[in-house]
**Q** 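Please read through the structure below; I'll follow up with questions.
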Amino acid sequence: MRVLVTGGAGFIGSHVVDVLRARGHEPVVYDVRQDPAADVRRPVEVARALVGVDAVCHQAAMVGLGDGVADAADYVSRNDLGTAVLLAAMAEAGVDRLVLAGSMVVYGEGRYACPDHGVVRPGPRAAGDLAAGRFEPLCPVCGRDLVPGLVGEDTPADPRNVYAATKLAQEHLSAAWARVTGGSAVSLRYHNVYGPRMPRDTPYAGVASFFRSALARGEAPQVFEDGGQRRDFVHVRDVAAANAVALEASAAPGALTVYNTGSGEPHTVGEMAAALAAAHGGPEPEVTGEFRLGDVRHITADSARLRADLGWKPEVGFETGMREFARAGMRGD
């Protein structure tokens, strides 16, 4: 299968290219890092890239927290306009298979249960509470402590920042394309992806990258809040394998299918920082109590549907992955 991989020179995209090639496919890299003209917002160039292509793996995106509005236009342009241009070109070229790099950020806060009121959805955390060190969301009905759980794909979306809103819009655009063309679309809602070739020292890198970059400088990783934020850290090679499996599988025509893509092993940010620091040989992390508005407290999702439907399972465990990442090479951009 000849697969156009947008963002194929990036962190996740480059691993997707490796996995596809290893599985006997022909990946075609389309990435502005290699060619400034390879921008998914440029219809003519995208149309040329789609010639002879059987499927598209759409990884190209502007990533990051997106907690303000100053860069909202850039996020919308790169993520949503870019996706719209790509989908229109696919429809014209008759390419009917798409795998999209989705994100768990579309859920907002994770799943919470109150002892008295069952499953509830707390609103955004207030700046005053965060400044006072009250990091855990409370029941919006009675104010009691909540128990975090796993989020399923059927949970209503609740994007809390600009980046999250654009990732959800990408899914809606892909679903509309599938309905109109009869094509098949899959969105893999990535959790906190980490591993070799992760970008360093950029405002759009993930928390694992920030910690790894600090350790490389001989500095202690700075852990926000109290370090108790629950996340699912999934290795980039496992995510790349999920993309390959999704491309190879028989997807439902005329529809978008969504899969959570995580390791299934929740860990706190503090645990991750400690494991990475230990594997690197120090220094130990420092818990700062600082916070960022727009961050959610806990978000871990149930990836059972991906395992059941496509037979995918993660191969790189948390400790093994952190030991590798502690010494792995990173990208400078």
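The figures here come from the full heavy-atom set of this structure, side chains too, leaving out hydrogens, waters and symmetry mates.
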**Q** Is R231 reaching over with its side chain to a backbone N or O of H191, donor-acceptor style, under 3.5 angstrom?
**A** no

**Q** Sequence neighbours excluded and cut-off under 3.5 Å, please list the side-chain donor-acceptor pairs for residues 3-11, or say none.
**A**
residue, atom, partner, partner atom, Å
T6, OG1, H58, ND1, 2.6
T6, OG1, Q59, N, 3.0
T6, OG1, A60, N, 3.1

**Q** How is the hydrophobic cluster of V19 composed, in terms of its other members, when Ile, Leu, Val, Met, Phe, Trp and Tyr link through side-chain heavy atoms under 4.5 Å apart, directly or indirectly?
**A** none

**Q** Checking S263 against D232: is there a side-chain donor and acceptor pair closer than 3.5 Å?
**A** yes

**Q** Does a side chain donor of either Y194 or R212 reach within less than 3.5 Å of an acceptor in the other side chain?
**A** no

**Q** In plain terms, say whether E109 and R297 are close enough for a salt bridge, that is, a side-chain N and a carboxylate O under 4.0 Å apart.
**A** no

**Q** Among side-chain atoms of T83 and Q170, is any donor-acceptor pair under 3.5 angstrom?
**A** yes

**Q** Just by distance, no angles: are the side chains of E136 and H298 close enough, under 3.5 Å, to form a donor-acceptor pair?
**A** yes

**Q** Looking only at the side chains, is there a donor atom on one of Y75 and N161 sitting less than 3.5 Å from an acceptor on the other?
**A** no

**Q** What is the minimum heavy-atom distance between L276 and F325, and which atoms define it?
**A** CD1-CD2, 3.7 Å

**Q** Could you check whether R78 pairs with D71 (Lys NZ or Arg NE/NH1/NH2 to Asp/Glu carboxylate O, under 4.0 Å)?
**A** no

**Q** Are there over 12 heavy-atom neighbours, none belonging to E92, within less than 6.0 Å of that residue's CD?
**A** no

